[in-house]
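Working notes, structure below.
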Amino acid sequence: MTASPTWRFAIAGDACPQLALRVLGLFAQQDLIPAEVTIRCDAEALDMAIVQPALDQQRAGIIAEKMRAMIMVREVIEEPV
């Protein structure tokens, strides 16, 4: 049995105080703690990068689709690292 890969999520969205917590909440719902979270924000945009180890492709895709469904999210890119 092979180990699940580590995934990196790049999220671009509106500068909204709720966005970072809502995105991180998706990981908490899956009982996951990201290995790394980076957030950059200015007056108009919020950019996040999240690294999550031990995540299979199906779960990574589900989390990414839930992010894309958020009205404040402009773009989500998920990739194995």
Side-chain angles (χ1 to χ4, degrees):
M1 184 166 128
T2 61
S4 296
T6 297
W7 285 81
R8 182 179 183 278
F9 297 84
I11 304 103
D14 297 335
C16 174
Q18 299 177 19
L19 182 56
L21 295 176
R22 288 182 184 218
V23 167
L24 289 172
L26 296 174
F27 293 88
Q29 290 171 6
Q30 298 283 327
D31 202 28
L32 299 169
I33 300 174
E36 183 180 331
V37 176
T38 305
I39 302 171
R40 296 183 191 271
C41 188
D42 61 30
E44 297 179 12
L46 183 140
D47 294 313
M48 294 181 69
I50 300 172
V51 176
Q52 179 61 58
L55 190 61
D56 64 55
Q57 184 174 3
Q58 182 179 5
R59 285 178 73 190
I62 290 169
I63 291 170
E65 284 305 313
K66 287 183 176 184
M67 289 178 194
R68 289 182 185 105
M70 294 179 184
I71 194 161
M72 301 157 284
V73 172
R74 298 176 187 171
E75 181 181 31
V76 177
I77 300 169
E78 77 269 23
E79 59 188 358
V81 293

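Residues Arg40 and Leu46 form no side-chain contact, since every pair of their non-hydrogen atoms from C-beta on lies 4.5 Å or further apart. Met48 places a side-chain heavy atom less than 4.5 Å from the side chain of Val37. Under the 4.5 Å side-chain criterion, counting only non-hydrogen atoms from C-beta, Leu32 is in contact with Leu55. Residues Val73 and Glu75 have side chains not in contact (no heavy-atom distance under 4.5 Å, counting atoms from C-beta outward).
Ala15 approaches Ala43 most closely through the heavy-atom pair CB-O, 3.7 Å. Taking both residues in full, the closest heavy atoms of Arg74 and Glu44 are given as NH2-O, 3.1 Å, listed atom of the first, atom of the second, then distance. Considering all non-hydrogen atoms of both residues, Ala49 and Arg8 come closest at CB-NH2, 3.5 Å. Shown here for Pro53 and Thr6, the closest heavy-atom pair between the two residues is CA-OG1, 3.5 Å.
Note on residues 43-76: no pairs pass ring pair (Phe, Tyr, Trp, His ring centres under 6.0 Å), not counting sequence neighbours.
Once rounded to the nearest 0.5 Å, the distance linking CD1 of Ile63 with CD of Gln29 reads 9.0 Å. Going from atom CD of Gln58 over to atom CD1 of Ile62 covers 4.5 Å, rounded to the nearest 0.5 Å.
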Output a table of donor-acceptor pairs, distance under 3.5 Å, between side-chain atoms of residues 20-27 and any protein atom two or more places apart or on a different chain; print 'none' if there are none.
unit_1 : atom_1 : unit_2 : atom_2 : d
Arg22  : NE     : Gln18  : OE1    : 3.0
Arg22  : NH2    : Gln18  : OE1    : 2.4

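Salt bridge annotation for Arg68-Glu78: present, with a cationic side-chain nitrogen under 4.0 angstrom from a carboxylate oxygen.
Side chain of Trp7 to backbone of Val51: no donor-acceptor contact under 3.5 angstrom is found.
Applying the 6.0 Å contact sphere to CD of Gln57 captures no more than 12 heavy atoms from other residues, nucleotides or ligands. No more than 12 heavy atoms of other residues, nucleotides or ligands shown are found within 6.0 angstrom of CD1 on Ile33.
Met70 pairs with exactly one of Leu19, Val76, Ile11, Asp14 by the side chain to side chain contact (heavy atoms under 4.5 Å, CB included) rule, that one being Leu19.
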